[in-house]
Amino acid sequence: MARELHVAYNKMRRALEERLGLLRRLGGMDLRLIQVANEEWLYMLQEDTRNSLAIEGYFTTERELREVLRGRKGAAEVLNYFRTAQFVYEQALQDLQEEAWHLDVAFVNNIHGQLFRETPQEAERGRPADGVERRIRGAKVRPPLEAGDYLRAFVRAVPLLLKRGEVLEALAKVHTLFEAIHPYRGGNGRVGRVLLNYVAIRSGLPPLVVKGLEDQDRKRYYEAIEQADRGLHHGFPPPEPNALVGALDQGEWRPLALLLGEALLAHLDKVIALALVRFADLLPLDQVARSLGVDRQILYVWQQRGRLVVYRPGGKRNLLSHPWLFLGTRERPPLLPPELPPPRPEWPERVKDLQRLLFHPEDL
Ligand SMILES: Nc1ncnc2c1ncn2[C@@H]1O[C@H](COP(=O)(O)OP(=O)(O)OP(=O)(O)O)[C@@H](O)[C@H]1O
């Protein structure tokens, strides 16, 4: 089992590296390629509301979202989530460009504060629950009473984890540590996932959706944290970054890293298509086969082996790709030219259309 996990993790790591390389070659991350995905907050609504909203689908602005949520139960928390995530993702991208870093206690408390603005938790917003016993349903870990001290140690542990190399492993451990500390009375899941995306984007990755709408997705997520925080089940070491990192190393973090990797890969492929739009449009698969000089069937094989990025908007039959999204095989080199043409001036507009197509084809 451990060996299988190890193999699966290494495979995931390589796939991610390769796709990230492609994204970098296509101009890298940009604010215009990032959006707060519906799946990140839809789970907060009751099912009937969720179903009606899922059809309407895609929200790029807070105003659009406010219109649809008007008067619905839970609207404030959803709007707060949307607004906060948007702010934090933009901050992360700015920090990446400026080589700055904002993960300090004030920033984390502020995220919590923004998430609970004008909600029944108003009185507790932005404050770690020092001295208050917190329980996590179904979890063996007992969050420490010294919430503030451990939160301070957490923000110092994050750079240590990132410095050690593997970004997926670091992301899994960062999230595990935050959730195990569970510094607030409520909102720890949301703050933890927004923070996770801060670290992901700041590391040059796209944001990722962890929780999922289906029960089985959540179960997998919770069980993965439960395995990853095993080193803390019998208690916390003192609130020192190195001691906490040592305890995390005793957990089985790979299932969570794999889950995060899958979420990242899914999103990364979409961001790659959006980045391609700077230079060229996606093409029907037949056309891609012709320019690669192979039969369409070969493209399916390449897709399955992760050698060609292919899009299937809305499960429709018209598959899309581009010769530049061929990653190469042993026999054939990749086709992305060493020098790319200058970006097309109208690309940001085209990105919006493609976002609609890739993320919410049901709107069309
Ligand atoms: N076994 C576990 N160990 C540590 N943390 C866990 C475990 N299982 C779940 N969690 C985390 O606890 C979160 C729930 O905590 P809390 O209720 O404070 O957060 P929330 O933001 O109010 O809830 P939600 O995540 O449902 O929006 C989960 O989303 C998950 O991140």
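This structure is a prediction, so every number in the text was calculated from the model and none was measured. Numbering of ligands and ligand atoms starts at 1, following listing order.
Ligand 1 lies within reach of Tyr221, whose nearest heavy atom is under 4.0 Å from it. Using 4.0 Å as the threshold, Lys140 has no heavy atom nearer than that to any atom of ligand 1. Between Met44 and ligand 1 there is no heavy-atom distance shorter than 4.0 Å. At a 4.0 Å cut-off, at least one heavy atom of Lys211 sits close enough to ligand 1 to count as contact. Proximity of Gly192 to ligand 1 is not established, as no heavy-atom distance is less than 4.0 Å.
Against a heavy-atom cut-off of under 4.0 Å, Ala139 is close to the following atoms of ligand 1: 1 (N), 2 (C), 3 (N). For ligand 1, the atoms lying closer than 4.0 Å to a non-hydrogen atom of Gly186 are 18 (O). Every atom of ligand 1 is numbered from 1 in the order shown, and the set under 4.0 Å from a heavy atom of Asp229 is 3 (N), 4 (C). Near Ile225, with a cut-off below 4.0 Å to any heavy atom, the atoms of ligand 1 are 2 (C), 3 (N), 4 (C), 5 (N), 6 (C), 10 (N), 30 (C), 31 (O). Of all the atoms in ligand 1, the ones that sit under 4.0 Å from a non-hydrogen atom of Glu226 are 1 (N), 2 (C).
From the protein, the heavy atom lying nearest to atom 28 (C) of ligand 1 is Tyr222 CE2, 3.6 Å. Looking from atom 18 (O) of ligand 1 to the surrounding protein, the closest heavy atom is Asn188 ND2, 2.9 Å. Among all protein heavy atoms, the one lying closest to atom 12 (O) of ligand 1 is His182 CE1, 3.3 Å. For atom 5 (N) of ligand 1, the nearest protein heavy atom (residue, atom name, distance) is Glu179 CB, 3.5 Å. In this structure, the protein non-hydrogen atom closest to atom 19 (O) of ligand 1 is Gly189 N, 2.9 Å.
Contact annotation: for Arg193 versus ligand 1, heavy atoms closer than 4.0 Å belong to the side chain alone. Here Tyr43 has side-chain heavy atoms under 4.0 Å from ligand 1, and that is the only part of it that gets that close. Residue contacts with ligand 1 for Ile136 involve side-chain atoms from C-beta outward but no N, CA, C or O (heavy atoms, distance under 4.0 Å).
The aromatic rings of Tyr150 and Phe236 sit perpendicular to each other, their planes meeting at more than 60°, with 30° as the lower class boundary. Between His322 and Trp324, the ring planes are perpendicular. Angles over 60° get that label, and only those under 30° would be called parallel.
Separation of the Tyr198 and Tyr89 ring centroids does not fall under the 6.0 Å cut-off. The aromatic ring centres of Phe107 and Trp101 sit 6.0 Å or more apart.
Between Arg218 and Tyr222, the side chains place no donor N or O within less than 3.5 Å of an acceptor N or O (distance only, hydrogens not considered). Side chain to side chain, Glu166 and Tyr9 meet the donor-acceptor criterion of an N or O pair below 3.5 Å. For the residue pair Arg290 and Gln287, no side-chain donor N or O sits within less than 3.5 Å of a side-chain acceptor on the partner. Using modelled atom types and a 3.5 Å distance limit, the side chains of Tyr311 and Asp269 yield no donor-acceptor pair.
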Item to check | Chi angles and distances behind the salt bridge (charged side-chain N to carboxylate O under 4.0 Å, His left out) call for Glu77, Arg190 | outcome: CA-CA 10 Å; Glu77 292 195 15; Arg190 273 165 269 176; 2.8 Å; yes
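Geometrically, ligand 1 and Arg190 share a nitrogen or oxygen pair separated by less than 3.5 Å. Checked against a 3.5 angstrom limit, the closest N/O atoms of Gly187 and ligand 1 fall inside it.
Judged purely by atom type and a 3.5 angstrom limit, His182 uses its side chain to pair as donor or acceptor with the backbone of Glu179.
Hydrophobic clustering (ILVMFWY, side-chain heavy atoms < 4.5 Å, transitive): Val199 and Leu160 are in one cluster. Placement of Val271 and Trp347 within a single hydrophobic cluster is found when ILVMFWY residues are connected by side-chain heavy-atom separations under 4.5 Å, directly or transitively.
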